[in-house]
Amino acid sequence: MPYIGFVRSPHGPIKTYESILEELRKKGFEIGFSKHHWAGDLPFGLVIVETQNGSVAVRWSLGRKFSLRLEEVDGDTYDEFVEDTIEYTNADSG
């Protein structure tokens with residue numbers, strides 16, 4: 001099953017991306033591939049990760065301290081989450 005996640009981070013896009021991958025590893029996910037979408041003028045982004053446990057999409061935004069919440073979802077919910085987030089940010093790949 002895929003996962004969606006929500007992150008609050010006090011860091012910019014690069015540090016947030018690294019922190020998300022680090023937290024996923026701590027939770028036992030083995031990362032095979034990852035990519036990061038964000039809009040340069042918005043404090044908001046999306047990290048997509050392929051793992052041995054399935055796909056993970058994490059939406060992040062600025063916050064006072066780093067926190068991650070994950071939810072296991074069905075494929076349609078995952079796809080909609082990714083599409084809606086990319087559409088909202090009109091993101092560029094990083």
Side-chain angles (χ1 to χ4, degrees):
M1 290 289 260
Y3 295 83
I4 61 173
F6 303 89
V7 161
R8 300 292 271 176
S9 175
H11 310 293
I14 302 301
K15 177 70 174 163
T16 297
Y17 175 63
E18 293 168 353
S19 297
I20 289 169
L21 297 181
E22 182 180 324
E23 285 299 311
L24 290 174
R25 287 186 189 102
K26 286 180 185 177
K27 293 182 178 300
F29 289 91
E30 293 177 24
I31 296 168
F33 172 80
S34 65
K35 63 182 177 177
H36 188 189
H37 297 275
W38 75 91
D41 57 344
L42 295 175
F44 184 89
L46 178 70
V47 174
I48 298 173
V49 185
E50 295 300 324
T51 76
Q52 87 289 1
N53 295 345
S55 299
V56 181
V58 179
R59 183 185 297 164
W60 66 266
S61 61
L62 288 179
R64 291 183 182 254
K65 68 178 191 171
F66 188 89
S67 65
L68 168 66
R69 179 176 51 114
L70 284 178
E71 300 174 13
E72 192 171 358
V73 297
D74 61 57
D76 290 339
T77 301
Y78 175 87
D79 291 342
E80 186 176 315
F81 179 83
V82 170
E83 290 171 17
D84 288 351
T85 304
I86 290 175
E87 183 178 312
Y88 179 76
T89 61
N90 193 21
D92 293 323
S93 237

Residues H36, I20; criterion side chain to side chain contact (heavy atoms under 4.5 Å, CB included); working and verdict = CA-CA 11 Å; H36 188 189; I20 289 169; over 6 Å; no
key: Test side chain to side chain contact (heavy atoms under 4.5 Å, CB included) applied to V56 and F29, step by step   = CA-CA 10 Å; V56 181; F29 289 91; 4.0 Å; yes
ask   = Where do V49 and V58 land on the side chain to side chain contact (heavy atoms under 4.5 Å, CB included) test, with the steps shown first?
value = CA-CA 8 Å; V49 185; V58 179; 5.8 Å; no
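Side chains of E50 and S55: a donor on one and an acceptor on the other come within 3.5 Å.
Atoms CG and NZ, on L46 and K35 in that order, are 9.0 Å from each other to the nearest 0.5 Å. Note that the CD1 atom of I4 and the CG atom of D74 stand 9.5 Å from one another [nearest 0.5 Å].
A pairwise comparison of heavy atoms in M1 and V73 identifies CE-O, 3.6 Å as the closest pair. Closest non-hydrogen pair, W60 versus P13, comes out as CZ2-CA, 3.8 Å. In plain terms, the two heavy atoms of Q52 and G28 that are nearest each other are NE2-O, 3.0 Å. In terms of heavy atoms, T85 sits closest to R59 at OG1-NH2, 2.8 Å.
In this structure, Y3 is a member of the same hydrophobic cluster as I31, with clusters built from ILVMFWY side-chain heavy atoms closer than 4.5 Å.
Atom CD of E72 sits in a crowded spot, with more than 12 heavy atoms from other residues, nucleotides or ligands closer than 6.0 Å.
Note: F81 and F6 have perpendicular aromatic rings, judged against thresholds of 30 and 60 degrees for the angle between ring planes.
A search for salt bridge (Lys or Arg N to Asp or Glu O under 4.0 Å) contacts involving K26 returns E22, E23, not counting sequence neighbours. Under the salt bridge (Lys or Arg N to Asp or Glu O under 4.0 Å) criterion, R69 pairs with E71, not counting sequence neighbours. Scored by the ring-ring contact (aromatic ring centres under 6.0 Å, His included) test, Y78 finds no partners at all (sequence neighbours excluded).
Side-chain atoms of T16 come within 3.5 Å of backbone atoms of H11 as a donor-acceptor pair (strictly under, hydrogens ignored). Remark: the backbone N or O of L62 is paired with a side-chain donor or acceptor of R8 at under 3.5 angstrom.
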